[in-house]
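When reading the values below, keep in mind they use all heavy atoms of this one structure, side chains included, and skip hydrogens, waters and symmetry mates. Just so we're clear, the structure is a prediction, and the values are computed from it rather than from any experiment.
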Number of protein chains: 2
Amino acid sequence: MLPKNYQLIYEIVEESGLGHHLTPSEIYALARRRRPGLGLTTVYRGLERLRDLGLVSELNVPGADAAAYEPSGPRHAHFRCKRCGTIEDVAFAIPARTLRKLAAAHGFTIDAERITFGGRCSACSA
Amino acid sequence: MLPKNYQLIYEIVEESGLGHHLTPSEIYALARRRRPGLGLTTVYRGLERLRDLGLVSELNVPGADAAAYEPSGPRHAHFRCKRCGTIEDVAFAIPARTLRKLAAAHGFTIDAERITFGGRCSACSA
DNA sequence: GACTCTACTGGGAATGACTTTCATTTTCAA
DNA sequence: TTGAAAATGAAAGTCATTCCCAGTAGAGTC
């Protein structure tokens, strides 16, 4: 059974909705609204646990100063605007067949895939 | 003209060869062998410049505590073993046509693409 | 209920990568 | 030569993340 606090952390990430991305300290701030006295350490520990359970995904994007978390959903990529820093979800994933081929060719096993694009978002390229 | 120190930093990353990945502090240590008294600040500044010039690429891999640098070469992906932390190059890139389609569909421009796989390397999965 | 063992908890200190600041030095074109 | 702009290094600062440790809550047992 998941400890209450980890449950809370999961709810917060979950409620943020797909396509939103929260940093640990944002999660901390939100969680303390519902359970003041909660420690930052617990948030980090909870996120680690949830990550291991596959309930949330960590996406750390180059250029961003902190990691971000989102509820685990269908595989997708991320786009980060180099100017304003916004992160968007992009519906793109490498076909499983391709992954299998790569893994076979290199002799390793792949259980995670992270794709990030960088550039200018529509607002910033105007 | 590139300042001497930045040149030195570039040479170090360059000589590391494709497929090798150096952290700023490793680069710092190597650079000081040739130019003692060089400051860590200069290494960071140099890497930033070289990155802007497109001469080196930064690959920051989730789970690693520091960023890593490699000479800019043909586009490729990286694989990081979750157990031993080794980073390998993987000859894989998303086709330009696919990138164009994604960019057009979302209204942004893509000028960078970062792909990282996670899993177990051949040694660690045995 | 009382007991125990374990997992969970929070605060604060520690770590470590990276950045900022600032006074000094180098570069290089005029 | 000279003067502005760029580069430099030391030290201090920032900030996300982790470690440590003593205290607490919960599940299971008697």
Using a 3.5 Å cut-off and no angle test, enumerate the donor-acceptor pairs between side-chain atoms of residues 118-126 of chain A and protein atoms at least two apart in sequence or in another chain.
residue : atom : partner : partner atom : Å
R120(A) : NH1  : C124(A) : O            : 3.3
S125(A) : OG   : C121(A) : O            : 3.1
S125(A) : OG   : S122(A) : O            : 3.3

- Item | side-chain contact (heavy atoms from CB on, under 4.5 Å) partners for I115(B), two or more places apart | I94(A), I115(A), A77(B), F92(B), I94(B), E113(B), F117(B)

- Task: Could you pull out all residues at least two apart from Y6(B) that satisfy side-chain contact (heavy atoms from CB on, under 4.5 Å)?
- Result: L2(B), P3(B), I9(B), T42(B), R45(B), R49(B)

- Would you tell me if any nitrogen or oxygen in the side chain of T42(B) comes within less than 4.0 Å of OP1 or OP2 on dG9(D)? yes

Nearest-nucleotide pick for [X], side chain only, options being [options]:
X      : options                   : result
N5(B)  : dT17(D), dA17(C), dG9(D)  : dG9(D)
A66(B) : dT21(C), dG12(C), dA17(C) : dA17(C)
T41(B) : dA11(D), dT17(D), dG10(C) : dA11(D)

What residues form a side chain to side chain donor-acceptor pair (under 3.5 Å) with [X], not counting sequence neighbours?
X      : value
E11(B) : R34(B)
Y28(A) : R32(A)
R83(B) : none
H21(A) : E70(A), D89(A)

- Task: Give the ring-plane orientation class for H76(A) versus H78(A), where under 30° counts as parallel, over 60° as perpendicular and anything between as tilted.
- Result: perpendicular

- Query: Would you say the side-chain atoms of T23(A) pair up with the backbone N or O of A66(A), donor to acceptor, closer than 3.5 Å?
  - Reply: no

- Given protein heavy atoms under 4.0 Å, the one-letter contact record of nucleotides 24-30 of chain C, with B base, S sugar-phosphate only and - none, is simply ---S---

In whole angstroms, how far is the [atom2] atom of [N] from the [atom1] atom of [X]?
X      : N       : atom1 : atom2 : answer
L2(A)  : dG26(D) : CG    : P     : 15 Å
Q7(A)  : dT9(C)  : CD    : P     : 11 Å
D65(B) : dC19(D) : CG    : P     : 11 Å
Y6(A)  : dG26(D) : OH    : P     : 14 Å

- For DNA chain C, determine which residues of residues 44-56 of chain A have any heavy atom closer than 4.0 angstrom to one of its atoms, and list them numerically. R45(A), R49(A)

- Task: Give, ordered by number, those residues of residues 23-35 of chain A having at least one heavy-atom distance below 4.0 Å to an atom of DNA chain C; if nothing qualifies, reply none.
- Result: none

- So which pairs with a foot in residues 52-62 of chain A pass salt bridge (charged side-chain N to carboxylate O under 4.0 Å, His left out), sequence neighbours left out? R51(A)-E58(A)

- Item | Inter- and intrachain pairs under salt bridge (charged side-chain N to carboxylate O under 4.0 Å, His left out), touching residues 95-105 of chain A, at least two apart | none

- Message: Within the 4.0 Å heavy-atom criterion, would you say L40(A) contacts the bases, only the backbone, or no part of the nucleic acid?
- Response: base

